[in-house]
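Below is one structure, written out as structure tokens, with a few remarks after it.
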There are 2 protein chains.
Amino acid sequence: MSHRYARPVPKPAADQAESLQLGVDRSSPVPLYFQLAQQLEAAIEQGRLAPGSLLGNEIDLAKGLGLSRPTVRQAIQSLVDKGLLVRRRGVGTQVVHSQVKRPLELSSLYDDLEAAGQRPATRVVRNAVEPASAEVAAALGLAEGAEVHRVERLRLAHDEPMAYLTNHLPAGLFKPESARLEGTGLYRLMRAVGISLHSARQTVGARAATEAEGQLLAEPPGAPLLTMARTTFDDTGRAVEFGSHIYRASRYSFEFQLLVRA
Amino acid sequence: MSHRYARPVPKPAADQAESLQLGVDRSSPVPLYFQLAQQLEAAIEQGRLAPGSLLGNEIDLAKGLGLSRPTVRQAIQSLVDKGLLVRRRGVGTQVVHSQVKRPLELSSLYDDLEAAGQRPATRVVRNAVEPASAEVAAALGLAEGAEVHRVERLRLAHDEPMAYLTNHLPAGLFKPESARLEGTGLYRLMRAVGISLHSARQTVGARAATEAEGQLLAEPPGAPLLTMARTTFDDTGRAVEFGSHIYRASRYSFEFQLLVRA
DNA sequence: GAGGTCCGATTGTCCGGACAAACCCAGGGC
DNA sequence: GCCCTGGGTTTGTCCGGACAATCGGACCTC
């Protein structure tokens, strides 16, 4: 008991570039820092880089890969921003050991369900152009009475109702066709026509189901519903979508990851 | 109507460094890029930089400030990450014009209420050390039966119950004293003793109130409640807190901002 | 043995430059 | 009038280097 090696992980940290099979392809159009970030992320997810272990120092890593230090730093920084790595001056960069998943995408319910293997289906209940109500106009930044598409959809999983989705889109942005809405999510359609979704503001609450809502979702009146209202903006700051949705609380909940801002 | 100037904002974009009173203090210990970022952010918030307007190009900006381009880029990038600016190659950097607020802090209910001027109050109902249940142990990454602090609090605003908060903390991390919990939020106490909160995983749902829960929150049995379960991690990835909370849906909802990952 | 001090290691900040890629607009060709 | 091409502008990527700030352990002193 005379000797102690208290270092968290006394890893020799030799040529990680080789031991982790890191290496970049300079003929690829993919940026070098991005290639490196992807490889590191894969190594972390597959456990080849153990949680808590130290990454070799930036200078050696750069030398081993034939890159400059700024490029290596850019790669590491992108993973720090994702919450996968933590840097400590004077110590090094280590892998966070926790089940950090994804810091909350701007995701659609459709994609969520599909990723969970839930066989999502959509029934378009309504799809029409109408003048915007005061609430919708305010959310979208339009004049009251301006024309908007109104889309109402029932979302099912395994043939069971999950949620009732009501969306409003400024007319002229693009025309959501019912046939396509049945086969995929709204966001995927919007991205497909070149709208680059950027940010969203959303409110999540709960309330008791009305009679009509109960009918739609196969719940008794008064059953707790999860509500979500969301306004989505493109990268110029224009509001491109306002949705107000209700979910069966017995079947659905929101799960997400938060990162503290530096 | 023969001439059209379709440029979004045909701003001459001369010496913005002067017109916006930008300038850095090289004797300050605050990093240069951070000083610049703060000044730009202030200019945006105060409207001196109008939404949609173009920032002068990076090279001129750097020259005007006596900084290098990488430093200016670092400042701009930090604001892009916050969602305040958008870059377009070949075009320039422009201010997003939308009511982007904050991309969701890891905030405590206490701070939220205080910020809203709601005069929050706390009544500590229970504060004891006990063995961890299976659920708590799993959430905190401890062995079942390991000692944990269990804290139950009733949170009021304007003397009305708002939420009932149940938290579990690994014993030995720090001792949450009831007297201090009455005066502030749990997160503030944890930060004060040097625990650096880093990320959290949370689930938001809804359910009907039980008889006992209704009593606590002054709601009838069966009333819809908003539920939130959260596990918080420090920057080494250790779980430092697990909370499972219920909110009166009639009085409270979650509101937050999402940013799309690049 | 306890405490403070020094020092090597590592990341943080900053510089100056170079070329590539994407975008917008004007001009020319049809 | 319409399409395509070209050039100028601006950001994106990458390099190599320099010094400062911070951390943690080793060493020395008392």
Side-chain angles (χ1 to χ4, degrees), chain A residues 2-14 16 24-37 53-63 65-81 85-94 194 196 235-236 262, chain B residues 3-13 16 24-37 53-63 65-81 85-94 194 196 235-236 262:
Chain A
S2 54
H3 291 278
R4 291 242 192 141
Y5 298 98
R7 266 286 191 105
V9 176
K11 193 158 213 177
Q16 275 183 316
V24 293
D25 173 9
R26 299 196 91 98
S27 68
S28 159
V30 178
L32 303 179
Y33 79 90
F34 194 80
Q35 292 183 37
L36 178 54
S53 64
L54 286 173
L55 222 57
N57 78 58
E58 297 169 353
I59 298 179
D60 291 348
L61 206 54
K63 206 176 300 177
L65 288 165
L67 296 173
S68 71
R69 187 179 164 218
T71 302
V72 172
R73 272 183 73 77
Q74 194 174 1
I76 292 176
Q77 187 58 47
S78 71
L79 297 182
V80 170
D81 291 339
L85 297 176
V86 178
R87 313 172 100 133
R88 267 177 226 280
R89 190 182 327 207
V91 179
T93 304
Q94 44 183 320
S196 69
D235 57 13
T236 70
Chain B
H3 291 280
R4 293 236 191 148
Y5 297 98
R7 266 286 192 104
V9 176
K11 193 157 211 174
Q16 276 184 316
V24 295
D25 173 10
R26 299 195 91 99
S27 67
S28 160
V30 178
L32 303 180
Y33 79 92
F34 194 80
Q35 292 183 38
L36 178 54
S53 65
L54 286 172
L55 223 59
N57 78 55
E58 296 170 351
I59 299 181
D60 291 348
L61 207 55
K63 206 176 300 175
L65 289 165
L67 297 172
S68 69
R69 188 178 163 218
T71 302
V72 172
R73 273 182 73 76
Q74 194 174 2
I76 292 176
Q77 187 59 47
S78 71
L79 297 183
V80 171
D81 291 340
L85 297 177
V86 178
R87 295 205 222 240
R88 267 175 224 280
R89 186 177 344 201
V91 180
T93 304
Q94 44 183 317
S196 68
D235 57 12
T236 69

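Numbers restart at 1 for each chain; the letters A, B, ... are given by sequence-line order, proteins then strands.
C:dT10 atom P lies 16 Å from atom CG of A:Leu85, rounded to whole Å. Following rounding to the nearest Å, A:Gln94 (CD) and D:dC23 (C1') show an atom-to-atom distance of 12 Å. Regarding A:Ile76, its CD1 atom lies at a distance of 10 Å from the C1' atom of C:dT11, rounded to whole Å. Atom P of nucleotide D:dT9 and atom CG of B:Leu61 are separated by 18 Å, given to the nearest angstrom. For the pair A:Gln74 CD and D:dT11 C1', the interatomic distance rounds to 13 Å; values are reported in whole Å. When rounded to the nearest whole Å, the span between CZ of B:Arg88 and P of C:dC23 equals 9 Å. Between B:Leu55 atom CG and D:dT10 atom P the separation is 12 Å, expressed in whole Å. Atom C1' of nucleotide C:dT13 and atom CD1 of A:Ile59 are separated by 13 Å, given to the nearest angstrom.
OP1 or OP2 of D:dT13 lies within a sub-4.0 Å distance of a side-chain N or O belonging to A:Tyr33.
For A:Asn57, the listed nucleotide lying nearest its side chain is C:dT11; candidates were D:dG24, C:dT11, D:dT11. Distance from the side chain of A:Pro31 is smallest to D:dT13 among D:dG12, C:dT11, D:dT13. Of the candidate nucleotides D:dG24, C:dT11, D:dG12, D:dG24 has the atom lying nearest to any side-chain atom of A:Val91.
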Contacts under 3.5 Å, N or O only, protein and nucleotides 15-17 of chain D:
from, atom 1, to, atom 2, distance (Å)
D:dC15, OP1, A:Arg26, NH2, 2.7
D:dC15, OP2, A:Ser68, N, 3.1
D:dC15, OP2, A:Ser68, OG, 2.9
D:dC15, OP2, A:Thr71, OG1, 2.4

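When all heavy atoms are compared, the tightest approach of A:Val30 to A:Gln35 is O-NE2, 2.9 Å.
B:Arg73 comes within 4.0 angstrom of a base, heavy atoms only.
B:Thr71 is linked by a side chain to side chain donor-acceptor pair (under 3.5 Å) to B:Ser68, counting only residues two or more places apart in sequence or in another chain. With sequence neighbours left out, the side chain to side chain donor-acceptor pair (under 3.5 Å) criterion links A:Ser27 to A:Asp25. Taking A:Ser196 as the reference, A:Asp235 meet the side-chain contact (heavy atoms from CB on, under 4.5 Å) condition, with sequence neighbours excluded. Listed by chain and number, the residues in a side-chain contact (heavy atoms from CB on, under 4.5 Å) with A:Arg69 are A:Glu58, A:Ile59, A:Arg73 (sequence neighbours excluded). By the side chain to side chain donor-acceptor pair (under 3.5 Å) test, A:Gln74 is found to be paired with no residue, residues two or more places apart in sequence or in another chain being considered.
You'll find the side chain of A:Arg26 reaches within 4.5 Å of the side chain of A:Leu67, heavy atoms only.
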